Each structure stands twice: as structure tokens, then as C-alpha cells.
Amino acid sequence: MQTVCAILANLGENYAAGFLEQPEAPPVIRWSRAVRRRLEGMQPAPYESTRLYPCGAQRNPGRDAVLSSSYSFTWSFNRAELDRRLDGADTATHDAWQTLRREMDAVEKQLSQPAIPHIVGGNGYTHSIPNYGRVIREGLDSYEQRVHAGLEQGPSDFLLGMLDVLAGVRAWRDHLVAELDSTRAVDAEAAFRRQRLLDALRHVPFRPARNFFEAVVAYNFIFYLDGCDNPGRVDFELEPFYQRDLAEGVTCFAEAESLFDEFWRNVDANSGWSATIGGCDETGQAAYGDLTLACLRAARGKRRPNLQLRIRRDMPDEVWEETLHTVATGTGLPALHNEEEFLRSLREADLGIAEADLAYMNGGGCTETMIHGRSNVGSLDAGINLPLVLVGTLERTLPEAKSFAEVLDAYRTDLRRTVADIVAYVNRDQEQKSRWRPQPVRSLLTDDCIERGIEFNAGGARYNWSVINIAGLANVVDSLAAVREVVFDRAEIAGPELAAVLAANFAGREPLRQRLTRCPRFGNDQPAADELARDVAEFVFREFLGHRAWRGGRFLGSCLMFVTYAQAGKGVAATPDGRLAGAPLADSAGPVQGRDLNGPTACIKSLGAIPHHLAPGTLVVNARFAAEHFRTPAGRAKLRALFRTYFDLGGMQMQVNVVNQELLRDAVAHPENYPNLVV
């Protein structure tokens with residue numbers, strides 16, 4: 001096997017070589033060694049006078065192309081690339097590739113189970129957030145000391161693996177220092193930046209940051225080390241360093257904004273995910289600071305991170321103004337989060353979260369609720385396609401049902417059975433991952449894996465739960481409202497006939513399809529739809545909350561459709577809301593796109609019918625406004641009042657999109673495509 005490892009290492013497959021070094025060792029040892037060899041073999045990009053380093057898109061050209069690291073799934077095995085490498089390989093190299101294939105086949109066989117149709121954007125996916133603050137305050141040397149202290153209590157494969165990871169991190173830091181040391185500056189400014197970074201990286205992240213700049217450098221380093229996932233609770237972690245340096249006159253707001261501008265560029269270049277700003281501190285007091293404003297300003301014109309602002313009733317006016325100006329740039333940043341309701345939701349969900357840790361609430365990935373540096377949240381572990389379940393219910397019940405109540409009861413029964421199947425699927429996946437898919441870097445950087453001596457996927461994190469994506473709520477509400485009206489209340493069509501029409505995808509029945517579109521619609525302050533929304537949503541949310549996850553915690557409802565709402569509709573037959581087979585589902589927890597026709601006030605009143613607090617995984621709601629609303633103090637005041645009203649009605653999140661001139665011109669030319677556009 002050592003010959004195989006040497007061949008793979010010579011081919012640049014350091015991650016694979018590390019994995020194969022100790023074939024009889026437990027998985028946590030094997031994958032920790034893979035991490036070490038990967039980091040030891042990584043070559044940094046040339047330094048080009050940036051404020052932060054590493055920077056730009058994370059690349060390792062020519063290396064780890066067949067077996068590579070994955071922050072969510074530990075590894076990514078590219079079988080097609082392996083087959084390509086086999087073509088023309090000499091005998092020894094051919095045997096090395098085949099050895100790797102056999103090993104990976106054996107491992108991946110342990111992780112297989114029958115698929116379910118309810119994936120909806122996630123299938124055992126795991127975003128996470130390292131404890132950035134602990135690293136910058138304590139340094140990784142203290143982590144190594146904690147690992148050795150644990151080993152003094154007795155042997156531990158997990159802790160030995162952590163020493164391998166730390167050795168790899170140190171090697172990677174040394175590579176960066178060597179690149180900086182060998183780079184010649186082109187001018188005085190470049191020389192200053194290079195030397196400043198060199199001094200910082202010789203100190204952090206292994207020793208505590210001594211100033212604001214070193215803290216940002218260490219933060220950036222850990223972001224790259226974790227695979228460029230989530231920046232987390234960034235302003236809160238860095239504000240104390242900034243305030244101390246500000247008081248001593250060694251930094252200023254302009255420097256903070258420039259550093260965040262560059263950090264956000266790094267996040268964007270790597271398609272990194274979520275950062276949360278604002279909100280409360282560990283004592284529950286407001287924690288908005290200069291860095292909250294710097295983060296908002298630096299986000300203008302950026303695609304990533306998914307910036308999330310935690311809004312409290314006492315949020316300063318200055319933060320509101322900066323927020324609305326940033327939203328007006330049209331990037332969709334920041335999303336607005338109702339902190340009071342989120343905290344209430346998490347307290348009531350029986351997750352065991354300490355009050356002080358609630359300060360570290362952060363949406364990860366799209367915006368799945370997790371606790372920065374302290375949690376392992378399946379995000380997304382799976383989903384539930386509500387219209388797909390409804391199609392099955394209607395096929396079975398419409399031909400025979402004597403009342404709408406009979407249909408609704410049958411749908412609840414089907415939902416309960418589907419939820420139980422999804423829970424069983426996720427729990428099997430979590431148990432398998434605990435044995436075969438350790439995550440060494442996450443184990444190192446997440447509390448309390450080291451103290452417990454338990455790996456991340458085996459339940460070592462302080463908090464564990466599962467987030468489930470709930471898709472197509474508005475489609476189901478509109479469909480049920482239509483069935484009740486046209487079949488049972490007005491008897492315009494018999495149940496068996498409607499079932500046949502749906503099975504035929506409305507072929508030859510366009511007038512009926514148009515009639516169905518005139519039934520009550522969720523998002524228009526119509527009780528006939530909104531009461532159904534409350535009923536179905538509460539039932540599904542409570543069903544998931546009633547189950548325990550294998551790794552710990554509960555199953556939290558969410559609606560995080562991102563770009564998956566179109567894909568989620570492809571396998572769903574025609575539905576009674578007039579939606580054709582294969583058409584997209586609702587793009588958020590709000591109304592189906594284009595169906596809210598009575599303005600934003602009516603829309604948020606409908607949204608208030610949903611018990612958002614029973615789905616603490618985050619129900620994303622999309623809203624769209626013309627840019628003109630943001631241009632005057634009066635317009636911004638109205639928007640602020642609208643958002644506050646939505647939160648007062650129980651809403652927990654709103655994603656605000658601003659309509660640009662190009663879209664407005666298209667709306668003038670094709671008004672039928674924009675029936676709900678607010679101008």
C-alpha cells in the first residue's frame with residue numbers, strides 16, 4: 001500500500017494517498033490523514049498585494065482531482081476522472097488507481113440506502129460554521145493543548161486524528177508564509193501590505209490575535225480552511241478587536257470597510273454562503289456596532305455572502321438606513337430576520353440551547369438555522385414535496401370522497417406517513433455517516449467535539465438537529481381551496497371528473513383550468529385560503545417537531561427553495577390550482593409567484609396566518625419592490641413600517657428583491673407576466 005500511496009502522491013492525489021496510508025485504521029484516522037496530506041501538498045496562489053491572504057477562488061490545480069475534499073460530504077470521488085486517468089496508464093499506476101477505486105467502492109457501499117422522492121435541494125447535506133471567535137481569541141495552539149489533555153485521559157482515535165489535522169493546518173500556514181516571504185513588492189504600498197500579512201500569519205491562527213487586523217486575517221484563514229462555507233456571526237466576533245484598536249488610534253472605519261470589502265470578495269469568489277450581522281449579545285442586549293455598518297456597506301454590489309440582518313425593535317435608525325440603502329442596490333442583501341421571533345422559536349423547540357448561545361444564531365447555507373461554532377445541523381438533510389403528496393391523496397380520494405373534510409383528513413394521514421418515512425431515511429443516513437463519513441476539519445473547529453472526544457458526525461457538537469425543506473405550501477393551499485370550492489361547495493365539477501382532468505394534465509379543458517385560477521389564492525388576505533394555510537402548515541411543522549433526530553435534537557421545518565423550486569415541480573403531476581404537470585412550485589413560503597394580486601399589505605396578512613415560529617429552520621419569504629420606493633425618506637419609512645408590521649404579525653424572515661429598469665420595461669411590454677408587481 002505504501003507504493004500505491006507514493007504513486008498517487010506523485011500524481012498530485014495527496015488526499016487519496018493520505019486516505020490509503022493506513023487501510024486498517026478507523027475512518028476518522030484515515031480521513032484525518034487525508035486532510036493532513038492534502039494541506040501539506042497544497043500550493044498557494046501567487047500573492048498579488050491583496051489586504052488578505054489567501055484570497056480569490058480556492059484552487060489546487062493539478063492536485064486531488066480524483067478524490068477531493070468536500071466540506072459537506074467529507075470527500076468527492078470523481079469516477080469519470082479516474083477512468084480518464086486509467087487510459088494509457090502504466091501497470092503500476094493502473095493498479096494504484098484500481099486500488100483507490102476498490103477502497104472507495106467499499107466505503108460508499110456502507111453509505112447507500114434506497115432513495116426517496118422527497119429530497120428538495122438537500123440529501124444529507126451539511127453546512128456548518130466554525131467557531132471563528134474561539135480561534136482568534138485562543139489560537140490553534142490551545143486547541144492542540146486541549147487535544148493532548150484529552151489523550152492523557154486515555155487512547156482516542158478521534159483525538160489522534162485531530163493532531164493530524166492540526167499538523168496539516170500548520171503546514172498550510174507555512175506554505176502561505178513562504179509565498180509571502182518570497183514575493184517581491186512592486187511599490188511601497190505593496191511592501192507594507194506584504195509585510196503586514198507576513199507578520200500576521202507568522203502569529204495567527206495558532207496564537208491569539210493581537211489586534212483587529214490579525215483577527216480578520218485569522219478569520220479569513222479559517223474560512224478557507226473550512227472549505228469556504230459560511231462566514232457566520234462576523235461583526236459580533238470581530239467588533240471587540242475593532243473597538244480596542246479604534247480607541248488606540250490604530251484602525252478606523254474606512255479600514256474596516258475595506259477589509260470587509262475584500263473578505264466579501266473572497267466569499268463571493270468561492271460561492272460561500274451565509275453571514276449574520278446585528279442582533280443581540282450573550283446577555284440579550286442589542287449588539288449593533290460599527291462593523292455592522294461596515295458589513296452592510298461592503299455588501300453593496302456583491303452576490304455573496306447571503307447576508308442576514310437580525311432585526312430587533314431597538315435596532316438603531318442608522319442601521320435601518322444603511323440596510324435600506326444596501327437593499328436598494330438590487331443584490332438581495334441583506335435578508336431581514338426577526339430576532340425576537342427566531343429566539344422565541346428556538347426556545348420553544350426543545351433544543352436545549354443555552355441563553356448565551358442564542359447570540360450566535362446564524363443562518364447557514366441558504367439560511368438554515370444553526371448556532372455559530374457550536375452546532376451540526378443537517379442542512380438540508382431532506383425535504384418534503386407537499387404537492388407530490390397531495391397528488392397521491394387526490395388520485396385516491398377524489399373519485400369517492402363525499403366531503404372536503406374527508407379529502408383533508410386523508411391528506412393529513414398521507415402527510416403523517418410521509419414525514420415518518422423521511423425521518424427514518426434521515427436517521428439512517430446520520431447513523432451511517434457517524435461510522436463511515438467523519439468530518440475532521442469540522443470536528444476540530446466546532447465546540448464541543450474535542451472536549452467530548454466525539455467526532456462531528458457522531459454527535460460531538462454542542463447542538464444537533466435536522467433541517468427539512470418544506471416545498472410547495474402555497475400550491476397545496478391554492479389546490480385545496482379550489483377543490484373545496486368547485487367540487488364540494490358549488491358542485492361545478494364532480495370529484496371523479498376533476499381527478500380525470502388532472503390525470504390528463506388539463507388536456508382540452510383550458511376553460512376549467514382558468515376557472516380554477518379564480519378560486520381563493522394564498523397571499524391575498526382571503527380567509528378561505530389563509531385558514532387552510534394555517535391548518536396545513538401547523539400540521540406539517542408539528543409533525544416534524546415531534547420527531548427526534550439520530551444525532552440529537554429535533555426536525556425543524558424550513559422553506560429554502562433557492563433555485564430548486566423549478567426542479568421540485570418537474571416530477572409533480574397537474575394540481576387543482578391550475579398548475580400544469582412539471583411546472584415549478586412556489587419559490588418560497590409565500591404565495592406562488594404572481595398570484596398575490598392585492599398588494600403587499602394583503603400579502604403579509606396572509607403570511608401572518610402561518611405559524612412561522614413552529615418552523616425555526618427558517619421560512620424564506622420573497623418580496624419584490626420597485627427601486628423608487630427606496631429613493632426618498634418617505635418611501636423608506638413606508639417600507640420600514642411594512643417590514644415591521646410583517647414581523648409583528650409573526651413573520652420571521654423576508655428576502656427583499658428590488659426591481660430594475662430592464663424588468664420594469666419588460667413589465668410595461670408584457671404586463672400579463674407581472675400581475676403582482678408593486679410599482
Side-chain angles (χ1 to χ4, degrees), residues 52 55 58 71 127-136 212 215-242 256-281 287-311 315 319 322-323 326-327 329 331-337 339 342 358-375 377 379 445-446 560 562 618 620 653-656:
L52 298 175
C55 61
Q58 187 179 51
Y71 66 65
H127 287 289
S128 187
I129 307 169
N131 195 332
Y132 293 95
R134 188 167 191 177
V135 174
I136 63 180
F212 174 58
V216 177
V217 169
Y219 212 106
N220 181 71
F221 181 99
I222 297 300
F223 172 72
Y224 278 91
L225 178 64
D226 186 51
C228 305
D229 194 0
N230 295 287
R233 192 79 165 81
V234 58
D235 63 333
F236 184 61
E237 295 283 35
L238 292 170
E239 186 79 28
F241 292 89
Y242 169 79
E257 186 177 345
S258 67
L259 286 170
F260 276 115
D261 178 76
E262 192 157 311
F263 184 42
W264 286 170
R265 290 180 189 278
N266 289 341
V267 175
D268 202 356
N270 291 283
S271 293
W273 292 88
S274 293
T276 289
I277 57 175
C280 69
D281 63 15
Y288 304 93
D290 288 353
L291 297 190
T292 310
L293 303 176
C295 288
L296 285 166
R297 292 187 181 184
R300 293 171 187 172
K302 306 290 193 305
R303 179 182 62 102
R304 298 282 181 93
N306 298 341
L307 197 62
Q308 301 153 12
L309 175 67
R310 287 168 57 171
I311 294 175
M315 189 171 84
V319 178
E322 290 290 350
T323 297
T326 300
V327 170
T329 64
T331 61
L333 305 176
L336 311 180
H337 286 235
E339 177 173 274
F342 262 102
L358 288 172
Y360 295 92
M361 179 190 74
N362 190 102
C366 292
T367 182
E368 299 95 280
T369 303
M370 52 190 66
I371 305 297
H372 168 120
R374 297 153 175 83
S375 61
V377 175
S379 65
L445 298 174
T446 304
L560 309 153
F562 191 46
T618 304
V620 170
Q653 193 272 4
M654 183 171 283
Q655 178 71 44
V656 182

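Remember, predicted model here, so these are calculated numbers, not experimental data. We count residues from 1, following the sequence as given.
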- Judged by atom type as modelled, is there a donor-acceptor pair below 3.5 Å linking the side chain of Glu368 to the main-chain atoms of Val377? no
- Using a 4.5 Å cut-off on heavy atoms from C-beta on, say whether the side chain of Leu309 contacts that of His337. no
- Message: What I want to check is whether the side chains of Thr276 and Arg233 have a donor and an acceptor closer together than 3.5 Å.
- Response: no
- Task: Take Ser128 and Tyr71 through the test side-chain contact (heavy atoms from CB on, under 4.5 Å) and record every step on the way to the result.
- Result: CA-CA 8 Å; Ser128 187; Tyr71 66 65; over 6 Å; no
- Does a salt bridge link Arg134 with Glu237, judged by any charged N lying under 4.0 Å from a carboxylate O? no
- Message: Side chains of Arg374 and Asn131, heavy atoms from C-beta outward: is any pair under 4.5 Å?
- Response: yes
- Query: With side chains defined as the heavy atoms from C-beta onward, is the minimum distance between Thr323 and Pro334 less than 4.5 Å?
  - Reply: yes
- Message: Is any side-chain heavy atom of Ser274 closer than 4.5 Å to one of Pro305?
- Response: no
- Item | All side chain to side chain contact (heavy atoms under 4.5 Å, CB included) counterparts of Asp268, not counting sequence neighbours | Lys302, Arg303, Arg304
- Does the cation-pi check pass for Arg310 over Phe342, that is, NZ or CZ under 6.0 Å from the six-membered ring centre and within 45° of its axis? no
- Item | Euclidean distance, Leu333 CG relative to Leu296 CG, rounded to 0.5 Å | 9.5 Å
- Task: Return yes if a side-chain donor-acceptor contact under 3.5 Å exists between Asn220 and Asn266, otherwise no.
- Result: yes
- Item | Leu238 CG to Phe260 CZ distance, which is reported to the nearest 0.5 Å | 5.0 Å
- Tell me the salt bridge (Lys or Arg N to Asp or Glu O under 4.0 Å) pairs involving residues 218-231, sequence neighbours left out? Asp226-Arg442, Asp229-Arg442
- Task: Indicate whether the side chain of Gln653 and that of Thr618 have a donor and an acceptor atom separated by less than 3.5 Å.
- Result: no
- Residue of the set Thr331, Thr326, Asp261 for which side-chain hydrogen bond (donor to acceptor under 3.5 Å, both in side chains) holds with Arg300: Thr326
